[in-house]
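First comes the structure, then the notes that go with it.
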Amino acid sequence: MVLGLGLAEQAEALARGEVSSADLVEESLESIGRRESLGAFRVVRCEAAGQEALEADKRLAEGERLPLLGVPVAIKDDTDLAGETTPFAVAGDHRPVAEDGEVVRKLRAAGAVIVGKTTTCEIGLWPFSESPGFGVARNPWNPEYTPGGSSGGSAAAVAAGMVAGAVGSDGAGSIRIPAAWTGLVGIKPQRGRVSGYPHTDPFNGITVWGPLARSVGDAALLLDVLSGSHPDDVHQVDPPLTPFAEAARREPGRLRVAVSFRTAFGVSGRLDPEIRAAVERLARRLTDLGHKVFPAEPDYGLVGLGLVPRGTAGVADWLDSIPNARPERRTEAEARMGRLVGRRLLPLARRMDPHLRRKVGRIFQVADVVLTPTTAQPPLKVGAFDGAGYRKTQSGVAAACPYAWTWNVLGWPGVNVPAGFTKSGLPIGAQLLGHDSDEATLISLAAQLEAVEGWTELRP
């Protein structure tokens, strides 16, 4: 079954002529159909993907070679795809968009075949992927539980083997949380690494797009494909000196790893003992690999003041852009906060950035990488917050997921790696958090862990 191979392996098999893109895409579409009950996809492009696969086969036969030529992938439903709507799970009078977003343009330039758009929650607000109008994504490890959010559909699609890689977006952990809860590698890149155009400053700088895959090498390859700025982007960074896929193939050297369990000020939440034990086990594994591992806590200060204005104003902006939007009440509550308070506080939030980066960045005077849990709790039950109001939902999800969002405020990279399972068989994740533009170190360390942990062989 070629679909069981990773992204890089599929691309190599296609280049060698061992399989056709038409067959590979058909296998992907059949897998999506067989596991439709997981709700991973909102849109499945059966006819269009089939045509694109035939075109890819023609190009392959003519000798063309690209990183993902003919390989099926999926994108999240917050991403513009020409001819499709981008509702981001909010009911409204949506029209198909005329042009691909930059993420899709990069995927097409690499030769990828986009088989569909994946399920999310309204405007990416929650660590579950459920909405009244656009379906419910379920966890392939146990469909009674969520795969996380808001990139839960993308994570479910990869974990279930429908595609070998998918794109998500991360505004407060929305790639890393579903990666943790489905046993995947998920990379939140440096702010500005991947363009969100036509969104030039997505959610006022906290949101970035990035890869979900089973292996570090595949995630790094997909990040290489996605990387690069649009001229109109507010945040831009220099290209890496070497491809991220190369970082996944090299030894990281001896690193200083700070292990942290502290959450940012004002965020409560009890850390599940099984998650603590899993992170501590991973810390011991890093020690065995020769790294200097020790407890140390970043000084987060008032980092929350950098998140709330950006997030609430971003939700207000997105909701206000939808003709005749009909959101859930809790989504409207978040947008109302953004209109009344968030937009006014945005200048203050931006002015705080240098101070927060200096304050939190002091941890990198003693460490190269920070290791934390990705979430405080295992996957939530599907429907756990059905009918709940804004306050109850916000407090509940903040307690479950207090570890990921700080790095969105700072704009720095983070990588979720699988860290084991609960006694009931649900995946657990741990975060490797890095300094400014240092994805390569995180990827190299994650690949070293993968080699000894063997998580790529574990399937639902």
Side-chain angles (χ1 to χ4, degrees), residues 37-40 42 76-78 87-91 118-156 168-182 203 263 266-272 275 304 307-308 311-312 314-316 318-319 325-338 373-405 422 424 426-429:
S37 61
L38 290 175
R42 182 187 75 84
K76 185 176 175 179
D77 203 20
D78 63 347
F88 210 170
V90 177
T118 59
T119 305
T120 181
C121 60
E122 289 194 350
I123 317 187
L125 270 172
W126 316 117
F128 49 82
S129 297
E130 306 161 26
S131 70
F134 295 91
V136 173
R138 297 177 178 273
N139 197 318
W141 293 92
N142 186 332
E144 293 183 9
Y145 292 84
T146 181
S150 60
S151 306
S154 288
S169 60
D170 191 314
S174 286
I175 288 172
R176 290 161 289 156
I177 291 165
W181 284 352
T182 58
F203 286 81
T263 58
V267 179
S268 61
R270 186 182 71 89
L271 178 61
D272 184 278
I275 294 178
L307 176 75
V308 175
T312 59
V315 171
W318 197 296
L319 196 58
R326 300 181 292 279
E328 292 184 280
R329 283 182 297 173
R330 56 192 173 191
T331 304
E332 178 56 44
E334 176 97 357
R336 189 164 54 249
M337 190 184 306
T374 303
T375 68
Q377 295 176 21
L380 306 169
K381 280 281 189 80
V382 167
F385 291 95
D386 280 358
Y390 175 75
R391 208 171 278 180
K392 182 178 180 182
T393 305
Q394 186 64 261
S395 62
V397 302
C401 301
Y403 286 102
W405 60 268
T422 66
S424 60
L426 293 170
I428 293 170

Tell me, do Tyr390 and Met337 make a side-chain contact under 4.5 Å, heavy atoms counted? yes

Those residues at least two apart in sequence (or on a different chain) that pass side-chain contact (heavy atoms from CB on, under 4.5 Å) with Ser395 are none

Could you walk me through whether Tyr145 and Thr182 pass side-chain contact (heavy atoms from CB on, under 4.5 Å), step by step? CA-CA 10 Å; Tyr145 292 84; Thr182 58; over 6 Å; no

Minimum heavy-atom distance between Pro140 and Ala156, given as atom pair plus value: CG-O, 3.5 Å

Step-by-step side-chain contact (heavy atoms from CB on, under 4.5 Å) determination, Phe385 to Val397: CA-CA 9 Å; Phe385 291 95; Val397 302; 4.0 Å; yes

Least distance between heavy atoms, Gly152 atom then Ala137 atom: C-CB, 4.3 Å

Using side-chain heavy atoms (C-beta onward) and a distance below 4.5 Å, is Lys381 in contact with Thr146? no

Arg326 side chain near Val90 side chain, heavy-atom distance below 4.5 Å: no

How far does CZ of Arg270 sit from OG1 of Thr263, to the nearest 0.5 angstrom? 13.5 Å

side-chain contact (heavy atoms from CB on, under 4.5 Å), paired with Thr375, selected from Ile275, Ile428, Leu271: Ile275

Distance-minimising heavy-atom pair for Pro379 and Leu426: CD-CB, 4.0 Å

Using a 4.5 Å cut-off on heavy atoms from C-beta on, say whether the side chain of Glu130 contacts that of Thr119. no

Once salt bridge (Lys or Arg N to Asp or Glu O under 4.0 Å) is applied, do any residues pair with Glu328, and if so which ones, sequence neighbours excluded? Arg330

A side-chain contact here means heavy atoms from C-beta on lying under 4.5 Å apart; do Ser150 and Trp126 qualify? no

Any residue meeting salt bridge (Lys or Arg N to Asp or Glu O under 4.0 Å) with Arg42, in chain and number order, not counting sequence neighbours: Asp77

Report yes if some heavy atom in the side chain of Ser174 is under 4.5 Å from a heavy atom in the side chain of Lys76; otherwise report no. yes

Test item: Pro143 and Leu38 side chains (from C-beta on) under 4.5 Å apart, heavy atoms: yes

